[in-house]
Trainee: 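Pasting in a structure now, in structure tokens, and then I'll have a few things to ask.
Residues: numbered from 1 along the sequence shown. Whatever order the structure lists ligands and atoms in, that order sets their numbers, starting from 1. What you are looking at is a predicted structure, and each value in this text was computed from that prediction instead of being measured.
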Amino acid sequence: MARTAHVDTFVRDNQPPPEQWPELRFDLPELQYPGRLNCAAELLDRLVESGHGERVALRAPGTALSYRQLLALANRIAHVLREDMGLVPGNRVLLRGPNNPMMAACWLAVLKAGGIAVATMPLLRASELKAIIDKAHATLALCDARLAEELRLAQAQCPQLGRIVLFNGEEAGGVEALAAGKPDTFDNVDTAAEDIALIAFTSGTTGQPKGTLHSHRDLIASCDCFPRSILKHGPEDIFCGTPPIAFTFGLGGLLTFPLRFGASTVLMERLLPDSMLQTIQDFKATICFTAPTFWRQMAGLAKDYDLSSLKKCVSAGEALPDATRQLWKQATGIEIIDGIGSTEMSHIFISHTPEKVRRGATGYAIPGYQARIVDDQGRPLPPGTVGRLAVKGPTGCRYLADERQKNYVQDGWNLTGDAYLMDADGYFFYQARTDDMIISAGYNIAGPEVENALLGHPAVVECAVIGVPDEERGQLVKAFIVLRPGFEGTPALVKELQDFVKAAIAPYKYPRAVEFMTELPKTETGKLQRFRLRENHR
Ligand code: 3UK
């Protein structure tokens with residue numbers, strides 16, 4: 001491996017051993033990269049050097065930052081990280097904020113300074129932040145002032161987390177104030193292409209978060225796959241969408257993809273279906289990234305907005321029902337681009353151009369990636385057979401210090417945990433998750449984590465949380481609860497339990513359906529039989 005720029009080697013020391021890595025393949029001319037690569041320098045310095053300086057990079061309500069301005073801002077924050085916060089290359093920097101220009105500038109600054117960005121979902125609570133801080137051994141944090149409270153609570157229990165500096169606030173010691181006195185230029189840290197740039201956290205089936213590692217090269221390679229062969233965007237395009245930058249779907253779709261090609265991106269906090277449509281209209285957006293439930297809800301509202309600027313619509317995060325695809329097409333005339341990606345793979349690896357859509361299919365392996373269906377032993381299955389999806393390409397799964405590496409990567413292939421079938425033409429059809437992960441409205445929710453939260457309530461003896469089919473959300477979080485004697489399963493108690501969960505973990509994980517039982521189905525050895533609960537909902 002090339003000489004690392006990391007002085008702090010915590011992440012390198014906790015990577016999986018080489019024999020557990022996926023095979024990385026760089027099969028296209030555009031995927032040949034030099035040994036030294038800094039992702040943020042590629043996305044900012046290179047664009048300004050090549051004449052894009054005066055074009056708008058970021059847009060937000062009342063704000064537009066040109067490439068030159070964004071570069072200067074990121075450079076000043078990189079100085080703050082290095083000089084005021086003592087960042088040493090390889091340090092993990094926790095980032096917490098909704099999608100807005102300062103969050104994006106901070107992310108770019110961390111990479112410029114050779115740090116490792118650990119962006120977190122805005123809705124996470126202290127206990128979830130603590131798990132991430134501990135796992136990533138984050139020593140510094142940049143946080144939106146409006147979200148500081150839960151991070152401060154987490155910090156009280158995380159001695160390794162030293163300094164938190166706030167942005168978008170009024171503080172004299174905030175990021176903006178510190179950055180104001182810094183130079184507009186910065187000597188980017190000369191990172192190796194393979195140096196880790198990012199740890200993206202994803203919930204496992206056990207609810208223990210998994211930290212997926214991505215190098216500077218991985219992030220650039222993602223920009224050179226899906227965008228080049230499927231999206232085919234250019235400098236005139238204006239991106240928008242809902243996924244947080246903390247989720248690699250949002251990071252690519254709303255930050256790295258547009259910047260790679262000199263386009264501009266609209267960063268909005270907390271979008272709902274109607275405000276998403278309003279945003280497309282107001283900013284004359286041409287490309288929108290969101291999840292199937294949003295496309296479905298937006299289809300019903302589309303007629304009230306001027307969406308004439310919109311050209312391309314990307315759906316990912318969960319399976320896109322054909323009915324949703326058709327509703328959106330009827331409403332706008334636009335064929336949605338479906339794509340499956342994962343936090344482990346960084347971004348989308350199976351998708352299709354609008355012209356090559358096939359009803360019910362997610363698409364084909366996009367140029368740069370290979371995909372196949374395998375049996376439980378990893379042997380390829382013939383077309384038309386349901387099996388496990390296996391993929392490989394220029395990016396792949398590496399978990400930070402995690403036994404589950406062996407589940408995701410086998411024989412050099414990445415196993416996404418999805419059951420799929422491939423037809424004779426190489427189109428892939430989604431069947432189901434092969435594990436117990438609940439995917440509701442585009443969010444991954446681990447049942448056991450919700451169970452843990454419920455078990456903290458005095459009324460709960462036992463519980464099981466599963467995903468049940470739901471038209472709106474794909475799946476709905478449902479809890480089966482056995483009550484302690486003396487408690488009654490009233491609507492008031494349901495509400496109380498739901499509020500209890502919302503206060504313990506991110507609110508979107510709460511059980512929207514609750515059923516009280518006298519006992520839960522178990523095996524003789526005492527293991528919970530989730531599949532039996534699930535059977536009753538088919
Ligand atoms: C499911 C899909 C069917 C599938 C993601 C695009 O969703 C992303 O990452 P996650 O780690 O979840 C990965 C899992 O989600 N899934 C995603 N997209 C589809 N299932 N059709 C789809 N189009 O189970 C997959 O294994 O949260 C998506 C880009 C980056 C991402 N991180």
Trainee: Quick one: which of Lys130, Arg96, Arg125 gives a salt bridge (charged side-chain N to carboxylate O under 4.0 Å, His left out) with Glu150?
Mentor: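 The residue from Lys130, Arg96, Arg125 that satisfies salt bridge (charged side-chain N to carboxylate O under 4.0 Å, His left out) with Glu150 turns out to be Arg125.
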Trainee: Identify whether the distance between the nearest side-chain nitrogen and carboxylate oxygen of Asp195 and Arg217 falls below 4.0 Å.
Mentor: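 Arg217 and Asp195: not salt-bridged.
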Trainee: Under 3.5 Å, is there a donor-acceptor pair linking the side chains of Tyr33 and Asp224?
Mentor: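 Checked: Tyr33/Asp224 side chains pair up, N/O donor to acceptor below 3.5 Å.
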Trainee: Does any N or O atom in Thr362 lie less than 3.5 angstrom from one in ligand 1, N or O only?
Mentor: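 Checking ligand 1 against Thr362, no N or O pair falls under 3.5 Å apart.
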Trainee: Does Asp402 pair with Lys210 as a salt bridge, N-O distance under 4.0 Å?
Mentor: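 No, Asp402 and Lys210 are not salt-bridged.
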Trainee: Measure from atom 5 (C) of ligand 1 to every heavy atom in Ala200, Gly341, Ser351 and give the option owning the shortest one.
Mentor: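 Nearest option to atom 5 (C) of ligand 1, by heavy atoms: Gly341.
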Trainee: Relative to ligand 1, is Tyr430 under 4.0 angstrom through side chain, backbone, both or neither, heavy atoms considered?
Mentor: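 Just the side chain.
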Trainee: When you measure from atom 20 (N) of ligand 1 to each heavy atom in Gly317, Ala319, Ser342, which option holds the nearest one?
Mentor: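 Answer by nearest heavy atom: Ala319.
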Trainee: Considering the heavy atoms of Thr248, write down every atom of ligand 1 situated less than 4.0 Å from one of them.
Mentor: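 Answer for ligand 1: 30 (C), 31 (C), 32 (N).
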Trainee: Heavy-atom distance under 4.5 Å between the side chains of Phe349 and Asn414, does that happen here?
Mentor: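 Not in contact.
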Trainee: Starting from atom 14 (C) of ligand 1, which protein heavy atom do you reach first, and at what distance in Å?
Mentor: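 That would be Arg433 NH1, 3.8 Å.
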Trainee: Checking Leu421 against Tyr430 for the side chain to side chain contact (heavy atoms under 4.5 Å, CB included) test, could you report, in this order, the C-alpha distance in whole Å, the side-chain angles of both residues, the deciding distance, and whether it holds?
Mentor: CA-CA 7 Å; Leu421 75 73; Tyr430 178 79; over 6 Å; no
Trainee: Between Arg398 and Asp218 (salt bridge meaning N to carboxylate O under 4.0 Å), is one present in this structure?
Mentor: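 Salt bridge flag = yes for Asp218 with Arg398.
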Trainee: At what distance is the nearest protein heavy atom to atom 12 (O) of ligand 1, and which residue and atom is it?
Mentor: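 Here the nearest protein heavy atom works out to Asn444 ND2, 3.5 Å.
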Trainee: Using a strict cut-off of 4.0 Å, indicate which atoms of ligand 1 neighbour a heavy atom of Tyr420.
Mentor: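 Once the distances to Tyr420 are compared, the set is 3 (C), 21 (N).
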Trainee: Is the backbone N or O of Leu37 less than 3.5 Å from a side-chain atom of Thr191, with the two atoms forming a donor-acceptor pair by type?
Mentor: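 Answer holds: yes.
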Trainee: Nearest protein heavy atom to atom 11 (O) of ligand 1, by residue and atom, and its distance?
Mentor: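 Looking at atom 11 (O) of ligand 1, the protein heavy atom closest to it is Thr343 OG1, 2.6 Å.
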Trainee: Record the part of Phe349 in heavy-atom contact with ligand 1 below 4.0 Å; permitted values are side chain, backbone, both and neither.
Mentor: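 For Phe349, no heavy atom sits under 4.0 Å from ligand 1.
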Trainee: Relative to ligand 1, is Glu318 under 4.0 angstrom through side chain, backbone, both or neither, heavy atoms considered?
Mentor: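 Within the 4.0 Å criterion, Glu318 contacts ligand 1 through backbone atoms alone.
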Trainee: Do the side chains of Lys311 and Asp237 get close enough for a salt bridge, i.e. N-O under 4.0 angstrom?
Mentor: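 Not counted as a salt bridge, because no side-chain N and carboxylate O are separated by less than 4.0 Å.
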Trainee: Taking only heavy atoms of Ser346, which atoms of ligand 1 are found under 4.0 Å from at least one of them?
Mentor: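 Matching atoms, with element in brackets: 30 (C).
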Trainee: Between Ile348, Asp418, Thr416, which one has a non-hydrogen atom sitting closest to atom 25 (C) of ligand 1?
Mentor: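 Residue with the shortest heavy-atom distance to the ligand atom: Asp418.
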Trainee: Touching ligand 1 at all, Gly339? Heavy atoms, strictly under 4.0 Å?
Mentor: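 It does, in that a heavy atom of Gly339 comes within the 4.0 Å cut-off of ligand 1.
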Trainee: For the rings on Phe257 and His347, is their centre-to-centre separation under 6.0 Å?
Mentor: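 That pair passes the under 6.0 Å test.
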Trainee: Short N/O distance, under 3.5 Å, between Ser315 and ligand 1?
Mentor: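 No; every N/O pair is 3.5 Å or more apart.
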